[in-house]
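Both ligands and their constituent atoms are indexed starting at 1 by order of listing.
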Amino acid sequence: MGAVNVANKDINVSLAEKKPRVVFVLGGPGSGKGTQCANIVEHFHYTHLSAGDLLRAEIKSGSENGTMIQNMIKEGKIVPSEVTIKLLEKAMLESGNDKFLIDGFPRNEENRAAFEAVTKIEPEFVLFFNCPEEEMEKRLLSRNQGREDDNIETIRKRFKVFLDSSLPVIEYYKAKGKVREIEAAKPIGEVFEAVKVVFTPKAEKVVA
Ligand SMILES: Nc1ncnc2c1ncn2[C@@H]1O[C@H](COP(=O)(O)OP(=O)(O)OP(=O)(O)O)[C@@H](O)[C@H]1O
Ligand SMILES: Nc1ccn([C@@H]2O[C@H](COP(=O)(O)O)[C@@H](O)[C@H]2O)c(=O)n1
Ligand SMILES: [Mg+2]
């Protein structure tokens with residue numbers, strides 16, 4: 001435990017020193033976060049870190065937390081921040097990049113406050129994909145990526161967690177003027193056109 005704490009301290013010091021640029025990418029399950037992050041990476045050279053993907057990789061790695069994480073994901077519950085933040089910090093430091101899309105995080109108030117306290121990083125802005133449940137449900141049920149949480153029972157639990165725990169985080173950042181909201185119930189290309197506007201520096205935007 002002591003060794004882990006020492007290593008953590010080193011990680012935190014160097015992340016705080018690096019002062020990376022962070023965009024939080026939020027939205028309901030199936031709103032298209034991962035799909036649009038792939039486009040943003042290609043055009044704007046961010047590194048994409050999906051908290052859900054990191055947690056799924058942790059299960060596969062045979063980590064001591066694997067069973068706990070797997071059980072929480074099956075129930076659509078939010079894994080304790082300590083676990084997720086360690087994975088995010090490690091991935092940020094290993095990437096060598098200085099700008100990140102953090103997808104699916106912070107998912108609740110505990111995630112948000114712990115990330116800020118541990119890393120001292122404030123997001124540049126929050127990209128929020130707003131999509132009706134009916135559309136998200138349809139997408140998740142036809143995603144076919146073998147995810148254990150893409151079944152109707154877990155999907156309904158994930159929707160409830162989104163409404164109860166994740167929307168308040170979006171509201172928190174809205175009050176700070178940091179939310180860039182995207183209408184996500186459109187074809188992928190149209191959604192990306194709206195995303196591009198958010199990421200294009202003001203000076204480069206063409207005035208019509
Ligand atoms: N604009 C869109 N129109 C139609 N289908 C879409 C659109 N965006 C994404 N999809 C499809 O919907 C499914 C969910 O998309 P994606 O995995 O990007 O969502 P997500 O927000 O990352 O979901 P999760 O929170 O579950 O990880 C995928 O099969 C994807 O191909
Ligand atoms: N901050 C987070 C993000 C995700 N989880 C868990 O992973 C599941 C899948 O996440 P996706 O973003 O890939 O949909 C999610 O339902 C949670 O169980 C988490 O705990 N904390
Ligand atoms: Mg995703």
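For atom 14 (O) of ligand 2, the closest heavy atom belonging to the protein is Arg147 NH2, 3.0 Å. For atom 11 (P) of ligand 2, the closest heavy atom belonging to the protein is Arg107 NH2, 3.4 Å. Of the protein's non-hydrogen atoms, the one nearest atom 19 (O) of ligand 1 is Gly32 N, 3.3 Å. Here the protein heavy atom with the shortest distance to atom 13 (O) of ligand 2 is Arg56 NH2, 2.9 Å. What sits closest to atom 7 (O) of ligand 2 on the protein, heavy atoms only, is Ile73 CG1, 3.6 Å. Scanning the protein heavy atoms around atom 2 (C) of ligand 2, the nearest turns out to be Gly104 O, 3.5 Å. Among all non-hydrogen protein atoms, the one lying nearest atom 23 (O) of ligand 1 is Gly30 N, 3.0 Å.
In this structure, Leu163 and Phe159 have side chains that are not in contact, with every pair of non-hydrogen atoms separated by 4.5 Å or more. Side-chain contact between Met72 and Ile69 is absent, with no heavy atoms from C-beta onward closer than 4.5 Å.
Near Ser31, with a cut-off below 4.0 Å to any heavy atom, the atoms of ligand 1 are 21 (O). Close contacts between ligand 2 and Ile78 involve ligand atoms 20 (O), 21 (N) [criterion: under 4.0 Å to a heavy atom]. Ligand-side atoms of ligand 1 in range of Lys186: 1 (N), 2 (C), 3 (N), range being under 4.0 angstrom from any heavy atom. Close approach to Leu140 involves these atoms of ligand 1, each under 4.0 Å from a residue heavy atom: 26 (O). Every atom of ligand 1 is numbered from 1 in the order shown, and the set under 4.0 Å from a heavy atom of Thr35 is 9 (C), 15 (O), 16 (P), 18 (O), 30 (C). Set against the non-hydrogen atoms of Pro29, the atoms of ligand 1 under 4.0 Å away are 25 (O).
Among Arg139, Lys33, Arg56, the residue whose heavy atom lies closest to atom 12 (O) of ligand 1 is Arg139. Among Val79, Ile102, Leu55, Leu140, the residue whose heavy atom sits closest to atom 5 (N) of ligand 2 is Leu55. For atom 28 (C) of ligand 1, the candidate residues are Arg143, Lys138, Glu135, Arg107; the nearest heavy-atom contact is made by Arg143.
At a 4.0 Å heavy-atom cut-off, ligand 2 does not touch Glu110 at all. With a 4.0 Å heavy-atom cut-off, ligand 2 is reached by no atom of Val161. Counting heavy atoms closer than 4.0 Å to ligand 2, residue Lys33 contributes nothing at all. When non-hydrogen atoms are compared, ligand 2 lies under 4.0 Å from neither the backbone nor the side chain of Asp103. With a heavy-atom cut-off of 4.0 Å, Lys77 touches ligand 2 through its backbone alone.
The ring of Phe192 has its center no closer than 6.0 angstrom to the ring center of Phe199.
Not close to ligand 1: Gly104, with no non-hydrogen atom less than 4.0 angstrom away. Using a non-hydrogen distance threshold of 4.0 Å, Pro187 registers as a contact of ligand 1. Ligand 1 is never approached by Gln145 to a heavy-atom distance shorter than 4.0 Å. The closest approach between any non-hydrogen atom of Asp103 and ligand 1 is not below 4.0 Å. Residue contacts with ligand 1 leave out Met136, since none of its heavy atoms falls under 4.0 Å from the ligand.
Side-chain atoms of Ser166 come within 3.5 Å of backbone atoms of Arg107 as a donor-acceptor pair (strictly under, hydrogens ignored).
Clustering ILVMFWY residues whenever any of their side-chain heavy atoms sit less than 4.5 angstrom apart, transitively, puts Ile155 in a cluster other than the one holding Leu26. Both Tyr173 and Phe100 are members of a single hydrophobic cluster when ILVMFWY side chains are connected at heavy-atom separations under 4.5 Å.
Asp150 and Arg139 are not joined by a salt bridge, as no carboxylate oxygen comes within less than 4.0 angstrom of a charged side-chain nitrogen. Residues Glu122 and Lys176 are paired through a salt bridge, judged by an N-O separation under 4.0 Å between the basic side chain and the carboxylate. Under 4.0 Å is where a charged nitrogen must lie from a carboxylate oxygen, and between Glu134 and Lys138 no such pair does.
Test Val126, Val179, Leu127 against Phe24 for side chain to side chain contact (heavy atoms under 4.5 Å, CB included) and you get one pass: Val126.
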Output, in order, the C-alpha distance, side-chain angles, deciding distance and verdict of side chain to side chain contact (heavy atoms under 4.5 Å, CB included) for Val23 and Lys99.
-> CA-CA 8 Å; Val23 174; Lys99 48 184 203 172; over 6 Å; no
